[in-house]
Amino acid sequence: MVISTGISAMSFFTPHRYISLDTLAQHHGIDPAKFSRGIGQEKIAMPGHDEDVVTLAAEAAKPIIDQHGADGIDTILFATETGIDQSKSAGIYVQRLLGLPSNLRNVELKQACYSATAALQMACAHVARKPDRKVLVIASDIARYDLDSSGEATQGASAVAMLVTADPTLLEIGTVSGLFTEDIMDFWRPNHRRTPLVDGKYSALRYLGALVESWRDYQANGGLPYDGFAQFCYHLPFSRMGEKAHLRLAKEAKAEADMQAALPGMIYNRQVGNSYTASMYLAILSTLENSDSDLAGKFLGLFSYGSGATGEFFDAKVVEGYQDHLFAPRHRKILEDRTAVSYDEYVALWQARNGEDGTDTPMPDEAKGRYRLASIDDNKRIYVDRTA
Ligand code: COA
C-alpha cells in the first residue's frame, strides 16, 4: 500500500526592510523597467545585523509549532546555501529557539538552491516508513551578490518552513520525479567568499536545459502529462526566469503556454527577491494563497533547480480543504508591514558583518521579530528569544 505523504503546513518569513528596485535603478541611472519587466522583480528583502538564516527560519517555523505542536516531529532538515557554520547545523539553534524536545535528529543540507527539495523527498520517504512521525523541513537563505554587479538586482531573503506528514492536509507530494545532474560552474561560492561567483547568462541557459532534461525523465518515469497540471511553480532566482521556464516547458511538451498557470506563483517572489532554497517553496505558497480558482484536487507541476547543477521536476496534488491550513493573512501582513530603505541605508545593511570574522560583537537591535542574533561571543553565535 502506498501511503500518501506531503505537506500539512507551510509558513514563510522575510525581514521587515527592503530596497525598491526603482531606487536601485535610479542610483545606477538605468530604466526601472529593466528590473520590473526585464528581470521581473520589485523589491529586495534586506535583513538587519541581528538577522540571519537561523532567525528567519525560527520566525517561519514558529506559527507551525504554535498550531500543530511538536508531537511526532522526530527530524529537522535545514536546507540553505548561506549556512552560518561549516560544521554545526543551523537547525540546532532553531530547535532550541522553538523549544522543541531533544529527542530528534537535526541535519543541514546543501546543493545551492535545490537542497530543500532533497529534504522534502527524504522527509516524505521517512514518514512513509513511519507514518506516526513528522519532519520539519526549513529552507532559509539570504541571497547576496556584489554591489554594482549584474546579479545585484536579484538579491533577496526569506525562509519557508514545512511540516511533512503522512495523510497531509495541504499538498500530497507525488512519488514520480524527473532528475538531472551535471557538473558545471554556473554559480558557486568558494568557502572564502561571502558572495557567489556567477555567470548569469550561462546559468539561465543551464537552468532551462535542466528543466527539459528533468521533464523528460519525469515523463519517462510515468509522470502526469503537461495538461494534467493546473499551475506550475518554478525555482525563481528572478521571476522573469519563471516566465522563460514556463515557455520552454510548453515548447518541449508541444503545448500552448498559458502564463496564467505560472503567474500566481511569482507574486510573493517579486516582493521578496531571490531566496535560493526557499524560492520555489515561496512560489508554491504564492500559488496557493493568490490563485483565483479553487485548486483542491488539482495538480501543481514543480521545478526545483540548484546551480552546479541539479534539477528535479515533480508534482503535488492540492488537498481538499487546503485553504483552512494556510497562513495567508499572516503572510500578507508580513509583506505589507515592511518599510523601504534608501540606497545609502541599503549599502550599510549590505555591508553589515554579523560575525563572519568571529570578532566579539554585540548586534544592534534591528530585527522586528521574536528571535534575534544578540551577539557573537568567543566565536559563538548567541541567539535569543525576546519573550523568554
Ligand atoms: N525594459 C524592459 N526590459 C529590459 C530593459 C528595459 N529598459 N533593459 C533591459 N531589459 C531586459 C533585457 O532585454 C533582458 O531580457 P532578456 O533576458 O529577455 O534578454 C533582461 O532585461 C536582463 O537584462 P540583461 O542586460 O540581459 O542582463 P543583466 O546583465 O542585467 O543580468 C541577470 C541579468 C539575471 C543575468 C543577472 O541579474 C544575474 O546574473 N543574476 C543572478 C542569476 C542567478 O542567481 N543564477 C543562479 C541561480 S538560478
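Atoms within each ligand, like the ligands themselves, are counted from 1 in listed order. This is a predicted model, so every value here is computed, not measured. One is the number of the first residue; the rest follow in order along the sequence.
The nearest protein atom to atom 15 (O) of ligand 1, hydrogens excluded, is given as R240 NH1, 3.4 Å; this is a heavy-atom distance. The shortest contact between atom 8 (N) of ligand 1 and any protein heavy atom is with K34 CB, 3.5 Å. When only non-hydrogen protein atoms are considered, atom 2 (C) of ligand 1 lies nearest to A33 O, 3.5 Å. In terms of protein heavy-atom proximity, atom 36 (C) of ligand 1 is nearest to S150 O, 3.3 Å. Closest to atom 38 (C) of ligand 1 among all protein heavy atoms lies G151 CA, 3.9 Å. Nearest non-hydrogen protein atom to atom 21 (O) of ligand 1 is G38 CA, 3.1 Å. Nearest non-hydrogen protein atom to atom 46 (C) of ligand 1 is S203 OG, 3.2 Å. Protein heavy atom nearest atom 39 (O) of ligand 1, with residue, atom name and distance: G200 CA, 3.2 Å.
Note: F232 and F313 have tilted aromatic rings, judged against thresholds of 30 and 60 degrees for the angle between ring planes. The aromatic rings of F229 and Y218 are tilted relative to each other, their planes meeting at an angle between 30° and 60°. Using a 30° and 60° split on the angle between ring planes, F12 and H331 fall in the tilted class, from 30° to 60°.
With hydrogens and angles left out, the side-chain atoms of S275 and D141 include no donor and acceptor closer than 3.5 Å. Residues D186 and Y207 bring no donor and acceptor atom of their side chains to less than 3.5 Å of each other. N269 and S239 form no side-chain donor-acceptor contact under 3.5 Å, judged by distance and modelled atom types alone. Residues Q41 and N274 bring no donor and acceptor atom of their side chains to less than 3.5 Å of each other. No hydrogens or angles considered: a donor-acceptor pair under 3.5 Å links the side chains of D385 and T387.
Between Y93 and Y371, the distance from one ring center to the other does not fall under 6.0 angstrom.
Residues E51 and E366 form no side-chain contact, since every pair of their non-hydrogen atoms from C-beta on lies 4.5 Å or further apart.
For the pair Y145 and ligand 1, the shortest N or O to N or O distance falls below 3.5 Å. The shortest N/O to N/O separation between H235 and ligand 1 does not fall below 3.5 Å. When only interatomic distances are considered, the shortest N/O to N/O separation between K244 and ligand 1 falls below 3.5 Å. For ligand 1, the polar-atom distance check finds no N/O of Y207 at less than 3.5 Å from any of the ligand's N/O atoms. At a 3.5 angstrom cut-off on N or O pairs, T154 counts as close to ligand 1.
Closest heavy-atom approach to atom 24 (P) of ligand 1 among the candidates K201, R37, Q155, Q41: K201.
For atom 32 (C) of ligand 1, no protein non-hydrogen atom is found at a distance below 4.0 Å. Within a 4.0 Å radius of atom 13 (O) of ligand 1, the protein contributes no non-hydrogen atoms.
The cationic atom of R17 (NZ for Lys, CZ for Arg) does not lie both less than 6.0 Å from the six-membered ring centre of W350 and within 45° of the ring axis.
With ligand atoms numbered from 1 in the order given, ligand 1 contributes 46 (C), 47 (C) to contacts under 4.0 Å with heavy atoms of S307.
Contact annotation: for P237 versus ligand 1, heavy atoms closer than 4.0 Å belong to the side chain alone. Within the 4.0 Å heavy-atom criterion, neither part of M241 lies near ligand 1.
In the hydrophobic clustering of this structure, F78 does not group with I92; members are Ile, Leu, Val, Met, Phe, Trp, Tyr whose side-chain heavy atoms approach within less than 4.5 Å, directly or through other members.
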